[in-house]
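Order of the sequence lines fixes the chain letters, A, B, ..., with proteins taken first and strands second; residue numbering starts at 1 for each chain.
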Number of protein chains: 2
Amino acid sequence: MTSVLVVDDEPQIVRALRINLSARGYDVMTAYDGKSALGVAVEGKPDVVVLDLGLPDLDGVEVIAGLRGWSSVPIIVLSARTDSAAKVEALDAGADDYVTKPFGMDELLARLRAAVRRGLTRDVADPVVETSSFVVDLAAKKVRRDGHEVHLTPTEWGLVEVLARNPGRLVSQKQLLREVWGPKHLTESQYLRVYFAQLRRKLEADPAHPRHLVTEPGMGYRFEL
Amino acid sequence: MTSVLVVDDEPQIVRALRINLSARGYDVMTAYDGKSALGVAVEGKPDVVVLDLGLPDLDGVEVIAGLRGWSSVPIIVLSARTDSAAKVEALDAGADDYVTKPFGMDELLARLRAAVRRGLTRDVADPVVETSSFVVDLAAKKVRRDGHEVHLTPTEWGLVEVLARNPGRLVSQKQLLREVWGPKHLTESQYLRVYFAQLRRKLEADPAHPRHLVTEPGMGYRFEL
DNA sequence: CCCCGGCCTCAAGAACGCGTAAAGGTCGGC
DNA sequence: GCCGACCTTTACGCGTTCTTGAGGCCGGGG
């Protein structure tokens, strides 16, 4: 599911976007000021950010810079300012697109699709992730170990998929919970413990000392190749 | 040098763009209709395409489709049509941006820079901050020293993350406490001393004389590269 | 000279998060 | 209605991490 972070201090705009985006199958996160936006972005790893420039706490350019410091997520800027100086500033700070308010929802959605499409083409790398003891085929949704196929339940596969798409990276508990169980179960970290135990029994040579499905206590999990 | 393909059937627009782009160091190619545009694109492999939609021979969407068949080069569409249907159509066909005529040259150039930037950063590595004795990978949340990975606890990582995102800059005690422990612990500067001692033991060659995790007495801490 | 504020170090108990097992609960197929 | 597969929930032992207090060091000011 594609996730969108909407940042705006006007509740009615956030509400309108949430309704429209949710109806089209996007997973919507929201923030009402710049600092919390940065926090949510770190936690949730959205696929695209819709950012209003008139935030109460931080200047829009600062928010863009804060995101660009560590992420290349597409950023679509919303603003009431129509002068080109504002557009140039935002785009040169690292924004991907600039839409002036009032905006047409159709157009925004189209620009959002364009931004997401670009973001995706970046990591359509080889759909097979391989470790020393098992192989994950992301396209076929299959896992093989010693030549034999290992049967995974839907939830187990969901976890493996998210991890295999971020090999070597630390994936936060919240991101796993959001992508596998949905945004309403962000605190059910016990699920993760139960399922990681199962996955290790199925995939690790020594489940008590996992080499590939690694826990980073207090932070998340990591898929080591 | 960055190369731009300008496609428009109005000579004065092509001329204006050629002058402006050349003056800014771009290598400019031109075409006046859709078919030759596709030919020039194949021959010249431009880094970005500026495409007018009102071409004499082909519909704009066809040109976009023709390019997208083999290339993921960024496409910026120019058009006199302001209705959202036209924008949606072009963007969904694979365009990256849509600018309505008449357009401001500053804005077009900024959107062009944004498009080129995206094209370049397509597959760069994770953002890493590097010092002479250790390496911080912000996306993977990893720290390596002498090739070996160093394990950090969540609090330790929180500090390193804030510092690494502000390399060389002085970060006040309050900012560190607020970002790692939250706004209710702004006076617990002892936490910082304890954790900086731990981090120096883990990361510095000579923990008693830190070179990278530097204390600025009475003010805060600084991450020296 | 001594005092004091700010810093570093060390250590120990409390609090937290993890892994594991096993017991309910739900759903669809037979 | 029964059964199996899967998901959710509870409970508990254990290791790690966080917090907290005490003591020592250093430099500036009285």
Side-chain angles (χ1 to χ4, degrees), chain A residues 43 141 143 149-163 170-182 184-224, chain B residues 141 143 149-163 170-174 176-182 184-222:
Chain A
E43 280 303 319
K141 291 192 189 295
V143 178
E149 186 176 331
V150 180
H151 174 74
L152 296 186
T153 71
T155 307
E156 288 166 359
W157 171 258
L159 285 173
V160 169
E161 185 169 22
V162 176
L163 290 169
L170 186 137
V171 183
S172 73
Q173 300 200 3
K174 282 190 179 177
Q175 186 182 349
L176 287 167
L177 288 165
R178 187 167 46 75
E179 299 213 28
V180 177
W181 279 271
K184 292 178 180 170
H185 300 79
L186 295 184
T187 60
E188 305 279 4
S189 51
Q190 176 65 7
Y191 289 3
L192 295 176
R193 295 186 204 106
V194 173
Y195 275 93
F196 269 89
Q198 284 175 212
L199 282 172
R200 284 166 181 153
R201 275 198 294 277
K202 290 186 177 183
L203 299 178
E204 292 277 2
D206 179 3
H209 304 95
R211 292 184 49 202
H212 305 107
L213 301 170
V214 183
T215 302
E216 296 282 358
M219 300 200 282
Y221 294 84
R222 190 193 299 281
F223 183 69
E224 291 284 7
Chain B
K141 285 195 162 68
V143 178
E149 191 171 330
V150 180
H151 177 77
L152 297 186
T153 71
T155 307
E156 289 165 0
W157 172 259
L159 285 173
V160 169
E161 189 169 23
V162 175
L163 290 169
L170 173 70
V171 183
S172 71
Q173 299 202 0
K174 280 192 179 178
L176 287 167
L177 288 165
R178 179 158 16 86
E179 299 213 31
V180 178
W181 279 272
K184 294 177 180 172
H185 301 78
L186 296 184
T187 60
E188 305 277 6
S189 49
Q190 173 67 2
Y191 289 2
L192 295 176
R193 297 187 199 105
V194 172
Y195 275 94
F196 268 88
Q198 282 174 215
L199 282 173
R200 284 166 180 154
R201 274 199 295 276
K202 290 186 178 184
L203 299 178
E204 292 277 2
D206 179 2
H209 304 95
R211 292 184 50 202
H212 305 107
L213 301 170
V214 184
T215 303
E216 299 281 358
M219 307 181 63
Y221 295 84
R222 186 193 303 278

Q: Whole angstrom is fine here: how far is it from NZ in A:Lys184 over to P in D:dT8?
A: 14 Å

(Q) Please report the distance, rounded to the nearest Å, between CG in A:Leu192 and P in C:dT20. (A) 14 Å

Q. For the side chain of B:Glu179 and the backbone of B:Gly158, is there at least one donor-acceptor N/O pair under 3.5 Å apart?
A. no

Q: Treat primed atoms plus P, OP1 and OP2 as sugar-phosphate and everything else as base, then score nucleotides 14-23 of chain D 5' to 3': B for base contact with protein heavy atoms under 4.0 Å, S for sugar-phosphate contact only, - for none.
A: ---SBBBBB-

Q) In this structure, are over 12 heavy atoms from other groups packed under 6.0 Å from A:Lys174 atom NZ? A) no

Q: Please determine if a side-chain N or O atom of B:Arg193 lies less than 4.0 Å away from the OP1 or OP2 oxygen of C:dC7.
A: yes

**Q.** C:dG17 OP1/OP2 closer than 4.0 Å to side-chain N/O of A:Tyr221
**A.** no

Q. Expressed in angstrom and rounded to an integer, what is the separation of A:Phe196 atom CZ from C:dC18 atom C1'?
A. 12 Å

Q) Heavy-atom distance under 4.5 Å between the side chains of A:Leu163 and A:Phe196, does that happen here? A) yes

Q. Within this structure, what is the CG-to-C1' distance between B:Leu213 and C:dC8, rounded to whole angstrom?
A. 14 Å

Q.
In whole Å, I'd like the distance from the NE2 atom of A:His209 to the P atom of C:dC18.
A. 18 Å

Q) Rounded to whole angstrom units, what separation is found between the CG atom of A:Leu177 and the C1' atom of D:dT9? A) 15 Å

Q: Select base, sugar-phosphate, or nothing to describe what B:Thr215 touches, counting heavy atoms under 4.0 Å on all strands.
A: sugar-phosphate

Q. What integer distance in Å separates A:Arg222:CZ from C:dC18:C1'?
A. 17 Å

Q: Starting from the C-alpha separation in whole Å, work towards a yes-or-no answer on side-chain hydrogen bond (donor to acceptor under 3.5 Å, both in side chains) for B:Arg193 and B:Gln190.
A: CA-CA 5 Å; B:Arg193 297 187 199 105; B:Gln190 173 67 2; 3.0 Å; yes

Q. Is there a donor-acceptor pair under 3.5 Å between the side chain of B:Arg211 and the backbone N or O of B:Ala205?
A. no

Q) Which atoms form the tightest heavy-atom contact between A:Arg200 and A:Leu213, and what is the distance? A) NH2-O, 2.8 Å

Q) Looking only at heavy atoms, which two atoms of A:Leu177 and A:Thr187 are closest? And how far apart? A) CD1-N, 4.2 Å

Q.
Output the rounded distance in Å from NZ (B:Lys202) to P (C:dC8).
A. 18 Å

